[in-house]
Amino acid sequence: MKTVNISDITLREIGRSRANALSFKERVEIARTLDRLQVDAVELPAIKDGKADVLSNKTIASVVSYARLTAAAGLTEDEVDQAWESIKGASRPALHILLPASPVQMEYVCHKKAPAMLELVKALVGRARYHTERVEFSAVDATRAEPAVLYALLSAAVEAGAGTVTLCDSAGIMTPAECGDFIRAALENVPALSKVRLGVELNDGLQMAVACAAAAVDAGAELVKTAITPLDIPTTEGFAAYMAARGEGKGLRCGLRTTELGRAAVQLQWLLQTERSSGSPFDSGVSDGAPTICLTGGDDIAEVVKVVRHLGYDLSEEDNAKVYEAFQRIAAQKHFVSTRELDAIIASTAMQVPSVYRIVNYVITCGNNTAAMASLTLEKDGEKQTGVCMGDGPIDAAFLAIEQIIGHHYELADYQIQTVTEGREAMGSALVKLRSDGKLYSGNGISTDVIGSSIRAYISALNKIVYEQA
């Protein structure tokens, strides 16, 4: 039986577009699900956002245990090194060099002619091979390449150490018969391909990608790129259905857990709806707090700092000391201090900064037959700016209005609200955690108006981000 490997490129392709950007938690959950389905590889995009992407890759590396974790390595040797550092903690880390093969794409993407591209392939694949033996080279837009140039690039990649070579029909112009001929021609003209694993990545522009993948496997390919959700390439479900129907008769098998695939695909397709990615600050979901960890007055500063880091904060020594001092004051009056209380301590004591943004006023309207709307005015450097937005509830609308004013979307890592006094005029305390460049910033707000306390908490966290970036 011939084993056909399935490499899922959902995260890689969605990660290339900021418009469809996934939150930190969504990326980790998708990778975890794909690993549970036993795809052979989970592919990650090239690093664009520095610390945030590196942290995301490292977290994904810690949860993926079965699949090969393959990171796109960029166009320079420094980017290859950075990609490796972000995934080297995975059980099976791999580096992926994606370079154009067609004349137009070589000029547009790399600003190079064919001879210079050969040297670039050797340099990048060689640098990746320095870090790991799991190196893949993909010839992007291969079906529109000049055959002689394509074969030279493939030979150079194998010679430099690539253990997997993928041919990409980026334009989606081939029929199944043409795809089979294309693979056979590559194997015939590049003998070195018989020593490595040959894969295909096919665009579904003609809606024949699964049929083309089947033809490629018949011609000698061993690896097929798929996605758990429709992304103009074969869907994992679609190719799995082909394998279930024809695989045994053709002597083919794959390791996918097909019994779980349908349910997981529905869940992830809902998660990947682009409408959710372009709207609410609450896209990433609101957790009910970190795992419960109870501290007592007997815990020293090292133990408290350890828990602070476990919650996701990266504080300075000065801020750690302030947090510990406030923690001891509270711990002296209670049997234990919970993670929720520690969050509130951090928000109110750590990294206290001048107010770059100040709330001038806000007006919120909502009702059972009226969409929630927020009109909010902030002051920055003496200049007042107003944002007006509709949202899924008053707090969502208020946060969207803030984003409209500042012109930036930060991932809302957590949002909590609770009462701090009793009675009709009870005070509400809100905690907002924003994530910027992979780092958490928390803000705290208190008011008799829970919407007001939420806005104050968001602005408190925002001021910390803006101050540190400045």
R358 and E379: CA distance, side-chain angles, deciding distance, salt bridge (Lys or Arg N to Asp or Glu O under 4.0 Å) verdict:
CA-CA 5 Å; R358 186 178 67 83; E379 183 178 341; 2.4 Å; yes
Side chains of T386 and T377 only: does a donor on one sit below 3.5 Å from an acceptor on the other?
yes
For Y467, does the OH atom sit with more than 12 other heavy atoms under 6.0 Å from it, leaving out its own atoms?
no
Would S65 and D35 count as a side chain to side chain donor-acceptor pair (under 3.5 Å) if you check the C-alpha gap in whole Å, the side-chain angles of each, and the deciding distance to 0.1 Å?
CA-CA 7 Å; S65 58; D35 188 56; 3.3 Å; yes
Tell me yes or no: between the side chains of N320 and E318, is some donor less than 3.5 Å from an acceptor?
no
Within residues 90-133 or reaching into it, pairs that qualify as ring pair (Phe, Tyr, Trp, His ring centres under 6.0 Å) - sequence neighbours excluded:
W84-H131
Closest non-hydrogen atom pair between A209 and L202, with its separation:
O-CD1, 3.7 Å
State, yes or no, whether a side-chain contact exists between Q82 and I47 at a heavy-atom distance under 4.5 Å.
yes
Quick one: salt bridge (charged side-chain N to carboxylate O under 4.0 Å, His left out) partners of E43, sequence neighbours excluded?
R12, K225
Give the intermediate values and the outcome of side chain to side chain contact (heavy atoms under 4.5 Å, CB included) for residues C110 and L120.
CA-CA 9 Å; C110 299; L120 183 62; 4.2 Å; yes
I455 side chain near I359 side chain, heavy-atom distance below 4.5 Å:
yes
Let me confirm one number: the CZ-OH distance from F399 to Y410, rounded to the nearest 0.5 Å.
14.5 Å
Answer yes or no: is there a side-chain heavy-atom contact under 4.5 Å between V323 and L342?
yes
Please identify each residue that fulfils side-chain hydrogen bond (donor to acceptor under 3.5 Å, both in side chains) with K113, with sequence neighbours left out.
E107
Any side-chain heavy-atom pair of E136 and L95 under 4.5 Å:
no
Closest heavy-atom pair and its distance - A240, L261
CB-CD2, 3.6 Å
For residues 451-470, pull every pair meeting salt bridge (Lys or Arg N to Asp or Glu O under 4.0 Å), keeping only residues two or more places apart or in separate chains.
K439-E468
Not counting sequence neighbours, which residues clear ring pair (Phe, Tyr, Trp, His ring centres under 6.0 Å) with Y441? List them please.
none
Backbone N or O of V450 within a donor-acceptor pair of the S453 side chain at under 3.5 Å?
yes
Should V388 and M373 be marked as a side chain to side chain contact (heavy atoms under 4.5 Å, CB included) after you check the CA-CA gap, both sets of side-chain angles, and the distance that decides it?
CA-CA 7 Å; V388 179; M373 179 177 291; 4.2 Å; yes
Flag side-chain contact, heavy atom, 4.5 Å: R127 against D81
yes
4.5 Å side-chain heavy-atom contact, V42 and T70:
no
T76 meets the side-chain contact (heavy atoms from CB on, under 4.5 Å) criterion, sequence neighbours left out, with D78, E79
Close side-chain approach of V200 to T166, heavy-atom, < 4.5 Å
no
Quick one: pull up CG in L462 and OG in S355 and give me the separation to the nearest 0.5 Å.
10.5 Å
Whether E260 and R257 form a salt bridge (side-chain N of Lys/Arg under 4.0 Å from carboxylate O of Asp/Glu) is what I want to check.
yes
Could you walk me through whether N203 and S170 pass side chain to side chain donor-acceptor pair (under 3.5 Å), step by step?
CA-CA 5 Å; N203 187 286; S170 307; over 6 Å; no
Residues passing the side-chain contact (heavy atoms from CB on, under 4.5 Å) test with E85, sequence neighbours excluded, are K88
A371 versus M390, closest heavy-atom pair with distance:
CB-CE, 3.2 Å
Evaluation steps, salt bridge (Lys or Arg N to Asp or Glu O under 4.0 Å), between D40 and R68
CA-CA 6 Å; D40 295 283; R68 174 185 297 210; over 6 Å; no
Measuring from S62:OG to L69:CG, what's the distance to the nearest 0.5 Å?
10.0 Å
Got a second to check how far S436's OG is from H408's NE2, nearest 0.5 Å?
6.0 Å
Residues, nucleotides or ligands: over 12 heavy atoms within 6.0 Å of Q469 CD
yes
Does any N or O in the side chain of N444 come within less than 3.5 Å of the main-chain N or O of L431, such that one atom is a donor and the other an acceptor?
no
So do the side chains of V121 and I97 get within less than 4.5 Å of each other, counting heavy atoms only?
no
What pair of heavy atoms forms the shortest contact from T10 to I228, and how long is it?
OG1-N, 3.0 Å
Taking salt bridge (charged side-chain N to carboxylate O under 4.0 Å, His left out) as the definition, give me every residue that meets it alongside D141, ordered by chain and number, with sequence neighbours left out.
R144
So CD of Q38 and CD1 of I6: to nearest 0.5 Å the spacing works out to 12.5 Å
Let me confirm one number: the NZ-CG distance from K112 to L75, rounded to the nearest 0.5 Å.
9.5 Å
Going by side-chain contact (heavy atoms from CB on, under 4.5 Å), name the residues that satisfy it together with S56, two or more places apart in sequence or in a different chain.
F24, R27, I60
Give me the atom names and distance for the closest heavy-atom approach of F137 to L153.
CE2-O, 4.3 Å
For E303, all residues meeting salt bridge (charged side-chain N to carboxylate O under 4.0 Å, His left out), sequence neighbours excluded:
none
Test side chain to side chain contact (heavy atoms under 4.5 Å, CB included) on I459 and L378 and set out the steps.
CA-CA 9 Å; I459 296 300; L378 302 179; 3.9 Å; yes
R32 meets the salt bridge (charged side-chain N to carboxylate O under 4.0 Å, His left out) criterion, sequence neighbours left out, with E29
Strictly distance-based, threshold 3.5 Å: is any side-chain N or O of N463 a donor or acceptor partner for the main-chain N or O of V356?
yes
Looking only at non-hydrogen atoms, find the nearest pair between G452 and Y362 and report the distance.
CA-OH, 3.1 Å
side-chain contact (heavy atoms from CB on, under 4.5 Å) partners for A160, two or more places apart
V125
Quick one: does S138's side chain have a donor or acceptor within less than 3.5 Å of a partner on V140's backbone?
no
I'd like to know if the side chain of T236 reaches the main chain of A227, judged simply by a donor and an acceptor atom lying under 3.5 Å from each other, with no hydrogens or angles considered.
yes
